Amino acid sequence: MSSKLLKVTDLSVNYGAIRAIQNISFDVEEGEIVTFVGSNGAGKTTTMRTLSGILPRAGGKMEFLGQDISNAPSHQIVRLGMSQSPEGRMVFPDMTVRENLLMGAFARKETKAQLGSELEHVFELFPRMKERMDQKAVTLSGGEQQMLAIGRALMAKPRLLLLDEPSLGIAPILTLQIFEKIAQLNREGTTLLLAEQNAMLALSMANRGYVLEVGQIVQSGPARQLLDDESVRKAYLGG
Ligand SMILES: Nc1ncnc2c1ncn2[C@@H]1O[C@H](COP(=O)(O)OP(=O)(O)OP(=O)(O)O)[C@@H](O)[C@H]1O
Ligand SMILES: [Mg+2]
């Protein structure tokens with residue numbers, strides 16, 4: 001049996017006549033942290049949204065837990081065990097923290113007790129969310145909204161959690177705190193696929209990385225190796 005949780009082969013994605021992703025292949029093994037590194041517009045978000053069944057493929061194959069999910073709808077992908085914290089957080093502004101979190105469990109048929117224990121898990125990870133439970137999401141700070149978006153994705157009990165730009169627009173100190181929580185989730189058994197502008201931070205915590213440039217994977221390997229690579233350093237790590 002293969003330990004590959006996710007296997008993507010020759011994936012292509014178009015926006016109308018524009019090809020945003022061109023024949024990319026990558027995989028994620030159980031227990032890993034894998035990161036995409038790439039500049040603005042490289043195609044990280046497009047790839048994540050396609051994995052979650054939000055964008056249609058133009059070609060290629062996606063397999064999750066050995067099942068072909070190439071044409072699967074979003075709710076089925078969530079139910080299988082893949083959920084996403086999207087770029088820009090996308091919390092529901094007029095819903096409370098608690099209501100936002102419960103939305104993350106919508107695809108699962110859960111009892112009240114199960115939902116309660118999932119909420120507790122999120123509150124253990126992000127105590128701030130417990131304090132703000134009855135507050136509308138719109139009143140949260142950017143960093144708190146990021147915690148909420150991650151918490152909402154966790155409510156789906158993912159085996160593979162996709163995190164798109166968890167550090168976007170957040171103060172460095174809070175970014176470090178959130179990344180510490182992300183590392184903790186991984187230690188507890190959640191596999192992670194990460195897209196991050198902050199390549200240094202992402203590669204520092206990841207096992208492996210893929211470098212995306214204008215919709216193509218131009219380099220891949222152990223994160224340590226990418227951190228030491230001269231072309232990666234020049235392009236993404238400031239020299
Ligand atoms: N809805 C859309 N319609 C048309 N083109 C789009 C759309 N969304 C993204 N694109 C284009 O697809 C390409 C990839 O964008 P994408 O958002 O996936 O990049 P990214 O790597 O996530 O960038 P960033 O680091 O800025 O988040 C870009 O050229 C972008 O302009
Ligand atoms: Mg993006």
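Whatever order the structure lists them in is the order used to number ligands and atoms, beginning at 1. FYI, the numbering just counts along the sequence from 1. In this text the structure is predicted, and so the values were computed from the model without any measurement.
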Legend entry - Heteroatom distance test (T47, ligand 1): nitrogen or oxygen, under 3.5 angstrom: no

Legend entry - Distance filter under 4.0 Å to S39 heavy atoms, resulting ligand 1 atoms: 21 (O), 25 (O)

Legend entry - Heavy-atom neighbours of K136 NZ exceed 12 at 6.0 Å: no

Inset, instruction - Determine, using the 4.5 Å side-chain heavy-atom cutoff (strictly less than), whether L162 and V37 are members of one ILVMFWY cluster. - result: no

Legend entry - Nearest-contact summary for atom 12 (O) of ligand 1 - protein heavy atom, Å: Y15 CE1, 3.3 Å

Legend entry - atom 26 (O) of ligand 1 [closest protein heavy-atom partner, distance rounded to 0.1 Å]: N40 ND2, 2.8 Å

Inset, instruction - Using distance alone, decide if ligand 1 has a nitrogen or oxygen within less than 3.5 Å of any nitrogen or oxygen in G38. - result: no

Legend entry - Presence of salt bridge, D27 and R208, under 4.0 angstrom: yes

Legend entry - Closest approach to the Mg ion (ligand 2) by E87, given as the N, O or S atom name: OE2

Legend entry - For Q197, atoms of ligand 1 separated by under 4.0 Å from a heavy atom: 24 (P), 25 (O)

Inset, instruction - Would you please determine whether E165 falls within less than 4.0 Å of ligand 1 on a heavy-atom basis? - result: yes

Inset, instruction - Output yes when a protein non-hydrogen atom is found under 4.0 Å of atom 31 (O) of ligand 1, and no otherwise. - result: no

Inset, instruction - Report yes if some N/O of A42 lies less than 3.5 Å from some N/O of ligand 1; otherwise report no. - result: yes

Legend entry - Side chains of P86 and D164 in contact at under 4.5 Å (non-hydrogen atoms): no

Legend entry - A20: numbered ligand 1 atoms lying under 4.0 Å from its heavy atoms: 12 (O)

Inset, instruction - Can you confirm whether something in the protein, heavy atoms only, sits under 4.0 Å from atom 14 (C) of ligand 1? - result: yes

Legend entry - H121 side, atom NE2; L185 side, atom CG - distance, nearest 0.5 Å: 6.0 Å

Inset, instruction - Taking both backbone and side-chain atoms into account, decide whether T45 has an N/O/S atom under 2.8 Å from the Mg ion (ligand 2). - result: yes

Inset, instruction - Identify whether the distance between the nearest side-chain nitrogen and carboxylate oxygen of R187 and E180 falls below 4.0 Å. - result: yes

Legend entry - Enclosure of R98 CZ (heavy-atom neighbours >12, cutoff 6.0 Å): no

Inset, instruction - Within a distance under 4.0 Å of any heavy atom of T45, pick out the atoms of ligand 1 and give their elements. - result: 17 (O), 18 (O), 20 (P), 22 (O), 27 (O)

Legend entry - Subset of ligand 1 atoms that lie under 4.0 Å from at least one heavy atom of T46: 14 (C), 15 (O), 16 (P), 18 (O)

Inset, instruction - For atom 28 (C) of ligand 1, find the nearest protein heavy atom and state the residue, atom name and distance (0.1 Å precision). - result: G41 O, 3.6 Å

Legend entry - Option passing side-chain hydrogen bond (donor to acceptor under 3.5 Å, both in side chains) with R57 (candidates N14, N71, T50): N71

Inset, instruction - Identify, by atom number and element, the atoms of ligand 1 in contact range of E87, meaning under 4.0 Å from any of its heavy atoms. - result: 24 (P), 27 (O)

Inset, instruction - Output yes when K4 and E63 qualify as a salt bridge under the 4.0 Å nitrogen-oxygen rule, no when they do not. - result: no

Inset, instruction - Determine, for R233 against D229, whether the closest basic-nitrogen to carboxylate-oxygen distance falls under 4.0 angstrom. - result: no

